[in-house]
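Counting from 1, the numbers follow the sequence of the chain as shown.
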Amino acid sequence: MDFIEQKRHKELANPSSFYRLVYSEIEEVGWERLVRFGGDLEFLSFRITDKKGRVHIMEIQLDKTYPQKPPSVSAEVPYIFNVKWSVKSRLKDLVQQFREHLEKLQEFWSTLEDIDHSLCVTNKKKLSRATTCRQIDMGNDCSIMLSINARDPRSLPECRFMGSGPVVNPVRKLWLRNNKRWMKDKTLPENLAFILETELPRPSHVLENDQQVECGICYAQYLPIVVAGLSILFVWWTGCALSPQLGNRLMSCLVIARTVPSLLQSN
């Protein structure tokens with residue numbers, strides 16, 4: 001043990017040194033990131049934002065012998081990282097390790113978000129960022145439970161079918177026959193549709209959005225040609241339908257835009 005380490009061990013033998021040390025290290029991480037802390041400072045939680053803007057709560061448990069004994073970390077993640085620690089390590093080092101861990105999980109969470117948006121996922125309210133499974137409603141009282149590999153989210157997931165035999169058996173046979181054709185360069189919803197040889201049911205919000213786009217484009221045929229063209233562009237750009245009221249307002253604006261320059265020229 002070198003001289004610096006010996007000196008630090010002696011300082012930490014004093015309880016007040018523990019508090020001073022933890023306070024100073026919280027300051028290095030940033031007080032604005034501190035969410036909660038225990039009165040004895042043996043428990044801390046920090047708010048950490050990853051590169052995709054997802055907010056995570058990192059909970060840290062300290063021992064009174066800190067930093068001799070490494071802290072323990074918990075968070076809503078599918079698996080926790082191995083803490084790299086020495087007596088010279090500080091809380092900011094631990095937070096940096098957590099950030100690096102979050103970076104490794106970005107593709108996993110993006111995969112799950114794609115599933116949640118594109119497919120009919122059941123029990124969404126019970127899901128967390130630590131959950132690796134998704135139960136997908138296939139229709140006809142049949143559902144499929146997928147277990148995603150957090151370390152390799154684009155790989156073939158584990159699969160379990162649920163439902164009555166006459167409904168489930170044909171779907172299971174398709175999975176067993178075609179799952180070798182799983183392709184990592186495709187999204188999970190695309191792979192499922194390809195392997196199960198069927199169009200998967202989509203959530204109601206996706207269907208409603210598609211209907212709005214279709215209705216907006218259909219309504220355009222009843223507008224003057226200029227407004228019709230603008231309405232179609234509006235739908236394509238925004239994904240929102242152009243209502244009759246908005247179409248009439250747009251037409252009124254065009255009339256004003258054409259009339260005002262004429263009045264100015266005549267004056």
Side-chain angles (χ1 to χ4, degrees), residues 47-59 74-81 101-215 238-241:
R47 181 184 295 105
I48 308 296
T49 304
D50 65 28
K51 291 184 178 180
K52 293 286 187 179
R54 302 183 186 96
V55 178
H56 307 267
I57 302 300
M58 175 189 188
E59 297 183 341
S74 60
E76 278 197 356
V77 291
Y79 63 95
I80 205 66
F81 59 98
H101 185 60
L102 294 179
E103 184 62 26
K104 294 176 182 178
L105 291 168
Q106 293 304 302
E107 190 172 27
F108 167 72
W109 284 318
S110 294
T111 297
L112 293 185
E113 287 169 0
D114 186 30
I115 295 171
D116 295 341
H117 177 78
S118 305
L119 303 176
C120 294
V121 177
T122 62
N123 299 320
K124 277 189 177 181
K125 292 182 180 179
K126 297 181 180 179
L127 301 177
S128 75
R129 290 205 180 102
T131 308
T132 61
C133 295
R134 287 295 187 271
Q135 183 174 341
I136 299 166
D137 184 2
M138 303 286 291
N140 297 324
D141 295 324
C142 172
S143 64
I144 178 174
M145 179 70 77
L146 298 176
S147 180
I148 314 300
N149 185 344
R151 290 178 170 83
D152 188 11
R154 286 187 169 271
S155 63
L156 179 72
E158 293 182 13
C159 175
R160 183 163 57 93
F161 292 94
M162 293 176 286
S164 62
V167 177
V168 166
N169 290 339
V171 184
R172 184 185 290 112
K173 287 179 181 178
L174 284 171
W175 174 267
L176 295 174
R177 185 180 70 194
N178 295 334
N179 63 24
K180 294 180 178 63
R181 300 162 70 185
W182 187 276
M183 291 179 282
K184 285 190 173 184
D185 59 340
K186 288 183 177 291
T187 66
L188 190 144
E190 288 173 338
N191 269 310
L192 274 183
F194 177 68
I195 287 175
L196 299 179
E197 299 178 1
T198 185
E199 177 104 13
L200 298 173
R202 293 186 294 171
S204 57
H205 71 270
V206 175
L207 294 174
E208 288 171 4
N209 186 60
D210 289 348
Q211 289 171 357
Q212 286 180 353
V213 171
E214 290 173 2
C215 290
T238 66
C240 300

Do [X] and [Y] have side chains that get closer than 4.5 Å, going by heavy atoms?
X	Y	answer
Ile148	Leu112	yes
Asp114	Leu188	no
Thr122	Ser143	no
Arg54	Ser110	yes
Pro157	Ser147	no
Val55	Arg47	yes

Contact summary for [X] and [Y], nearest pair of heavy atoms:
X	Y	answer
Val167	Cys142	CG1-CB, 3.6 Å
Pro203	Asp116	CG-O, 4.3 Å
Leu127	Cys133	CD2-O, 4.1 Å
Thr132	Pro78	CG2-CB, 3.7 Å
Pro201	Gly139	CG-N, 4.2 Å
Arg129	Phe108	O-CE2, 4.0 Å

Within this structure, what is the [atom1]-[atom2] distance for the pair [X] and [Y], rounded to the nearest 0.5 Å?
X	Y	atom1	atom2	result
Met138	Leu119	CE	CG	8.5 Å
Thr131	Lys124	OG1	NZ	13.5 Å
Asn178	Leu196	CG	CG	8.0 Å
Leu146	Ile136	CG	CD1	4.5 Å
Phe161	Leu174	CZ	CG	8.5 Å
Tyr79	Leu105	OH	CG	5.0 Å

Among residues at least two apart in sequence or on other chains, which ones pass salt bridge (charged side-chain N to carboxylate O under 4.0 Å, His left out) with Glu59?
Arg36
Please list all pairs meeting side-chain hydrogen bond (donor to acceptor under 3.5 Å, both in side chains) that have one or both residues in residues 185-195, counting only residues at least two apart or in different chains.
Thr187-Glu190
With under 30° as parallel and over 60° as perpendicular, where do the rings of His101 and Phe81 fit, or are they tilted in between?
tilted
Are more than 12 heavy atoms from other residues, nucleotides or ligands located less than 6.0 Å from atom CG of Asn169?
yes
Per the salt bridge (Lys or Arg N to Asp or Glu O under 4.0 Å) rule, what does the pair list look like for residues 141-159, sequence neighbours excluded?
Glu107-Arg154, Asp152-Lys184
Pairs touching residues 171-181 that satisfy salt bridge (Lys or Arg N to Asp or Glu O under 4.0 Å), sequence neighbours left out:
Arg177-Glu197
Backbone N/O of Lys52 and side chain of Asp50: donor-acceptor pair under 3.5 Å
yes
Can you sort out the partners of Leu156 under side-chain contact (heavy atoms from CB on, under 4.5 Å), two or more places apart, ordered by chain and number?
Trp175, Asn179, Trp182
Which residues satisfy the side-chain contact (heavy atoms from CB on, under 4.5 Å) test with Arg160, sequence neighbours excluded?
Met145, Met162
